[in-house]
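Here is how names work: the chains are called A, B, and so on, in the same order as the sequence lines, proteins then strands, and each is numbered from 1.
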Number of protein chains: 2
Amino acid sequence: MSPRRSYDQYCSAARALDVLGDRWTLLIVRELLAGPRRYTDLHTDLPGVSTDVLASRLKDMERDGLTTRRRLPPPGAAYVYELTGRGRELLPVLQALGEWGAALLTERRPTDAVRAHWFALPLLRCLAGLGDGVVQVRLDEGEFYVRLGAQDGPVYGEGPAPEEPDARLSLDAESCTALGRGDLMLLDAIRDGRIAVAGEGPLAKALREA
Amino acid sequence: MSPRRSYDQYCSAARALDVLGDRWTLLIVRELLAGPRRYTDLHTDLPGVSTDVLASRLKDMERDGLTTRRRLPPPGAAYVYELTGRGRELLPVLQALGEWGAALLTERRPTDAVRAHWFALPLLRCLAGLGDGVVQVRLDEGEFYVRLGAQDGPVYGEGPAPEEPDARLSLDAESCTALGRGDLMLLDAIRDGRIAVAGEGPLAKALREA
DNA sequence: CGGCATCCGTGACGATACTG
DNA sequence: CAGTATCGTCACGGATGCCG
């Protein structure tokens, strides 16, 4: 079970850490921000987490109202874990953490795992305010999509978007980290050709012409 | 020493959690956001932290560039710990955590510790944009001050402000949590008399008249 | 095979005692 | 006052086994 060990402080940040402070919890939230995932998906995308800790965290998070467990309709009837509304409200927390940690994201160590959708979080800020629509992003490591201007704030997902995207971006991971660190401006990178833009909708035009 | 156990992920949020994810680390940052503190001050304001863990965290945080250790000039020559610029950049992280955790801050449990300056974090957002100056805040639990419009963003501190404040607020902890949760608007609370405003400067007038 | 539960070794944590 | 030393306990990581 979860932190039987509360900080016992009448402080909202301490209360948040009572729920979120355990190892792996916030990284599981980061995974689920990219959409519903099965237990095995979570286990393979979080190398190093042991099976019992993952199961324990998922139980705690469900009890704390962060996630729900749902059975997928057949075929492929499996359980998936997904965030509740309350869980999705953690997006600003992960954005703040990611922004602070961007300065630490220098070289890639040989032991570092990489997943494409981990770059969606820093890209959300860069793309905010450019208009509404779905942007499909392709990296060497994989692809993900970003839904801008959604009613519950922008959301994103792993893999190809379920609907036809309004614009397609192709770039490399290095440019992605530079964007997140603020060393590179999105529109500069498009002008330089470090980011390729495809698509004919207004969102694609806005990205190319601005 | 600190997380020898890295998550080993090429992701800025995971990198941040490598540094910040240990128990007590972010709460020590919260304490130091209120100004430099001695070891004993930290130990008494963080009930439950053991002496060796506190010492270990402070070493790790200094090594990771979050804090510095400085000897105070006599009299009272003691060591104080204070945040570096990099450490102060964690303010948005704690604000995001506090905002999310505000929903969990309901009744005060009998085991909960309270410190007045823990309420400074949520109040910063409420006071932002009302102008520049120093606001002294008095609660039953103690007092703190908030410096609005500072060059490095607003900062705050425990106890009375070192300079003469531009406005003085008196309120109770319940109103403070309601403000942080968004259930109560600052100017409404002033009109209702739940917050008393003293002072003659333009900031005090702005608080009373808006 | 996906979804855990069990067992075990190691290390982190919490409480107390002690020292410069 | 500012930590270090010691020790019991628990959480974590890794491997394996069970069960639908």
Inset, instruction - Rounded off to whole Å, could you give me the CG-to-C1' distance for the B:Asp8 and D:dC12 pair? - result: 15 Å

Legend entry - N/O (side chain, B:Arg5) to phosphate O (OP1/OP2, C:dT10) under 4.0 Å: no

Legend entry - Atom-pair distance (CD on B:Glu62; P on D:dA2), nearest Å: 15 Å

Inset, instruction - State whether A:Arg38 places a side-chain N or O below 4.0 Å from either non-bridging phosphate oxygen (OP1 or OP2) of C:dC1. - result: no

Legend entry - side-chain N/O B:Tyr7 vs D:dG13 OP1/OP2, d < 4.0 Å: no

Legend entry - Interatomic distance, A:His43 NE2 vs C:dG3 P [rounded to whole Å]: 12 Å

Inset, instruction - Please test A:Glu62 against A:Lys59 for salt bridge (charged side-chain N to carboxylate O under 4.0 Å, His left out), starting from the C-alpha separation and ending with a verdict. - result: CA-CA 5 Å; A:Glu62 184 170 5; A:Lys59 276 199 188 69; over 6 Å; no

Legend entry - A:Trp24 and B:Tyr7 aromatic centres sub-6.0 Å: yes

Inset, instruction - Ignoring backbone atoms, test whether A:Ser50 places a side-chain nitrogen or oxygen under 4.0 Å from the OP1 or OP2 oxygen of D:dG14. - result: no

Inset, instruction - Confirm from the modelled atom types if B:Asp52 and C:dA15 form a donor-acceptor pair under 3.5 Å, side chain to base only. - result: yes

Legend entry - A:Arg23 side-chain N/O to D:dG13 phosphate OP1/OP2 under 4.0 Å: yes

Legend entry - Worked verdict on A:Arg125 versus A:Glu99 for salt bridge (charged side-chain N to carboxylate O under 4.0 Å, His left out): CA-CA 10 Å; A:Arg125 285 196 322 125; A:Glu99 203 162 332; 3.4 Å; yes

Legend entry - Nucleotide C:dC1, atom P - distance to CG of A:Asp41 in whole Å: 15 Å

Inset, instruction - Take the protein atom CG of A:Leu42 and the nucleotide atom P of C:dG3, then report the distance between them rounded to whole Å. - result: 9 Å

Inset, instruction - Determine the contact category for B:Thr51: base if any of its heavy atoms lies under 4.0 Å from a base atom, sugar-phosphate if only primed atoms, P, OP1 or OP2 are that close, otherwise nothing. - result: base

Inset, instruction - Using atom CG of B:Leu17 as one end and atom P of D:dC12 as the other, report the distance to the nearest whole Å. - result: 14 Å

Inset, instruction - Would you kindly compare B:Trp24 and A:Val80 by the position of their nearest DNA chain C nucleotide and give the one closer to the 5′ end? - result: A:Val80

Legend entry - Phosphate OP1/OP2 of D:dA2 contacted by B:Lys59 side-chain N/O (<4.0 Å): no

Legend entry - d(OH, B:Tyr81; P, D:dC1) in whole Å: 14 Å

Legend entry - Heavy-atom side-chain contact between B:Leu171 and B:Leu139 under 4.5 Å: yes

Inset, instruction - Among the candidates C:dG14, D:dG13, C:dC4, find the nucleotide nearest to the side-chain atoms of A:Arg69. - result: C:dC4

Legend entry - N/O (side chain, B:Tyr39) to phosphate O (OP1/OP2, D:dT4) under 4.0 Å: no

Inset, instruction - Could you tell me whether the side chain of B:Arg15 reaches within less than 4.5 Å of the side chain of B:Tyr10, counting heavy atoms only? - result: yes

Inset, instruction - Can you tell me the distance, in whole Å, between the CZ atom of B:Arg71 and the P atom of D:dC1? - result: 16 Å

